[in-house]
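Worksheet: the structure to be examined is printed underneath.
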Number of protein chains: 2
Amino acid sequence: MECDCVKLSAMGKPVNTRPSPQLAAGGGPVEKAMELLEVLAEPGGPHRLAAIARRTGLAKPTVHRHLRTLAEFGFAEPTEDGAYRAGPRLLGLAATALHTTDAVRHAQPYLADLRTRTGQLAYFAVRDGRETVCIALSEAPRGHRTTLYPGARAPLHAAAPGLALLSALPDAELDAFLDSGPHPALTPHTRVERAALAETVGEATESGYAVDEEFEEQDTVGVAAAVHDADGRLRGALALRGLAFTLDPTSVALYGPMVRAAARALSAELGARAGALDLVRGQR
Amino acid sequence: MECDCVKLSAMGKPVNTRPSPQLAAGGGPVEKAMELLEVLAEPGGPHRLAAIARRTGLAKPTVHRHLRTLAEFGFAEPTEDGAYRAGPRLLGLAATALHTTDAVRHAQPYLADLRTRTGQLAYFAVRDGRETVCIALSEAPRGHRTTLYPGARAPLHAAAPGLALLSALPDAELDAFLDSGPHPALTPHTRVERAALAETVGEATESGYAVDEEFEEQDTVGVAAAVHDADGRLRGALALRGLAFTLDPTSVALYGPMVRAAARALSAELGARAGALDLVRGQR
DNA sequence: CAATCGCATTCCATCTTTCGGAACGGATGT
DNA sequence: ACATCCGTTCCGAAAGATGGAATGCGATTG
């Protein structure tokens, strides 16, 4: 979830004789359209216009106009009763994006491998601001019900992938993050204080993999390692997730290095991609 | 106050470039942003600004500004060398959209079932204008290499899912489509003439499933049936796809009814969902 | 080694588009 | 029948979008 505090409205407009002010509403139409898309993709079936208007803080006519535009292009699809759902164009775009993003494509085999070797749910997540988003996962065998689905988000500071990404950050950025705002506790185990968080991240840096000991959800443990490409740019994290009594400390100690190795191999592949491009270019 | 006398500064404004006729310009910024998103999702790794500008027919500064906005929101992600790829927010949105769209969710079990029972690749596609888009698929076993991936598109008139959707259309709409423009031939087998197409669709209407006999790709055969929800609204099509010598006429005759049955069951589920919604809403 | 090309980026004057409050009919539910 | 709530239309005012020209950078070329 995003809060509305993203406005920032760069250039400080001095005197703003604006008769209809307050609620931070808008920047450009593009930003609004993006918010709408995000709402459309959200769970909860088709959304009604008024509901969307409330959720986004936009005026009804504005939402209406944009939805019409989106619908016209197939990004939204109106239902019989005047609600809107994600349209075919958006779904197609979604499918294409997930399939063609190199990180996802290359991660897939590792996910499958990790899953079969550990029996746990394996997934790949990318960073989005102060959270991570799961964008690929390999279901654990036989209804190993964990509450994780594609698109699921978790705070950077309170789950394995986030911690792994933090541990791979330059010191300056890590400090900046640690200093930024309070880090809410999701469970009684969540590390919320700066020192504790820093220590947890530090351990991840040393071992090469991060461990989530019920930080995000009770009885749920995770292991993750960061993935980067040739430029050293962070691309995401490979992670395992399972119930605490299955992913006990012994298993974690066993699987951690496996996840780390997978992340390194994947990183190498992503680095190679640039080379592959050159190859293609040089080839017939 | 300055009189206009000293406006200086090359007043002349030689050619009052009023040309901007309307090449591929288009309309609002939202539409442009959508085009950009689509390009970002496309295969071929990160895209460079100039390339995008060319592909979309937009001016460089325009593309640049929009990409910056998209990047600011995490929908696009700039790479080191000034190119852009799909950003985390877009990927997250994509994952969420695909996972929460009821049609996709409910289709998944049927896809898995169809795949195991037929040994062919099973997929679900939705209509987008004059084409269909594959948005979910169940890989065929052992490297059954078929050229199909999530996001893949096919013309309505030349592939099983499209034909199935056409066969479920009201007569008026079907006629309108058949009359609209030439329907290009993708293989020597493609039905291109109105009469032939109408007949093919007619057969699908009667049997309840459509068959693609190498219309789209040589040596590739498909079987599909339309899926609709409680409102009678078309939601997509379940389909099988395989090599001609595997999906021979006998198999097609055998699998056709299976696909049809799956599509009906899925339709019933989607219908039920709407009913549940109405219940919740206390409607009607 | 210098000239050239292509790219990303910035600037700016013009004006097209957007924005949202208010008002309007049509549903729904009481 | 009344009170809401919703989707939709209208409109003036203002914000943002637009693309040509110009700049600086880097790689490719002669």
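Below, all heavy atoms of this structure are taken into account, side chains as well, without hydrogens, waters or symmetry copies. Residue numbers start from 1 in every chain, and the chains themselves are labelled A, B, ... in the order their sequence lines are given, proteins ahead of strands.
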*Got a sec: does the CG of B/Asp81 have more than 12 other heavy atoms crowding it under 6.0 Å?*
yes
*Separation of atom CG in A/Leu67 from atom P in C/dC19, rounded to whole Å*: 12 Å
*Report the distance from atom CG of B/Leu58 to atom P of D/dG20, rounded to the nearest whole Å.*
12 Å
_Regarding B/Arg55 and B/Glu35, does a basic nitrogen lie under 4.0 Å from an acidic carboxylate oxygen?_
no
*Separation of A/Arg130 CZ from A/Leu156 CG (nearest 0.5 Å)*: 7.5 Å
*asked:* Measuring to OP1 and OP2 of C/dC19, would you say a side-chain N or O of A/His66 lies under 4.0 angstrom away?
replied: yes
*asked:* In whole Å, I'd like the distance from the CZ atom of A/Arg65 to the P atom of D/dG16.
replied: 14 Å
Check: protein-nucleotides 6-12 of chain D nitrogen or oxygen pairs below 3.5 Å:
from, atom 1, to, atom 2, distance (Å)
D/dG7, OP1, A/Arg48, NH2, 3.4
D/dG7, OP1, A/Leu49, N, 3.4
D/dG7, OP2, A/Ala50, N, 2.8
D/dT8, OP2, A/His64, NE2, 2.8
D/dT8, O5', A/His64, NE2, 3.2

*Any idea how B/Tyr149 and A/His99 line up, ring-wise: parallel (<30°), tilted (30 to 60°), or perpendicular (>60°)?*
parallel
*Whole angstrom is fine here: how far is it from CE in B/Met34 over to C1' in D/dA17?*
16 Å
*Check whether any side-chain heavy atom of A/Thr132 sits under 4.5 Å from a side-chain heavy atom of A/Asp128, and report yes or no.*
no
*Compare every heavy atom of A/Ala33 with every heavy atom of B/Val30, then report the nearest pair and how far apart it is.*
CG1-CB, 3.7 Å
*Can you find a side-chain donor-acceptor pair between B/Arg235 and B/Ser267 that sits under 3.5 Å?*
no
*Separation of C/dT18 C1' from B/Lys32 NZ (nearest whole Å)*: 13 Å
_Using the rule side chain to side chain contact (heavy atoms under 4.5 Å, CB included), only one of A/Leu70, A/Leu91, A/Leu40 pairs with A/Phe75; which is it?_
A/Leu70
*To the nearest 10 degrees, how far apart in direction are the end axes of the helix from C/dC1-D/dG30 to C/dT28-D/dA3, each fit to five base pairs?*
40°
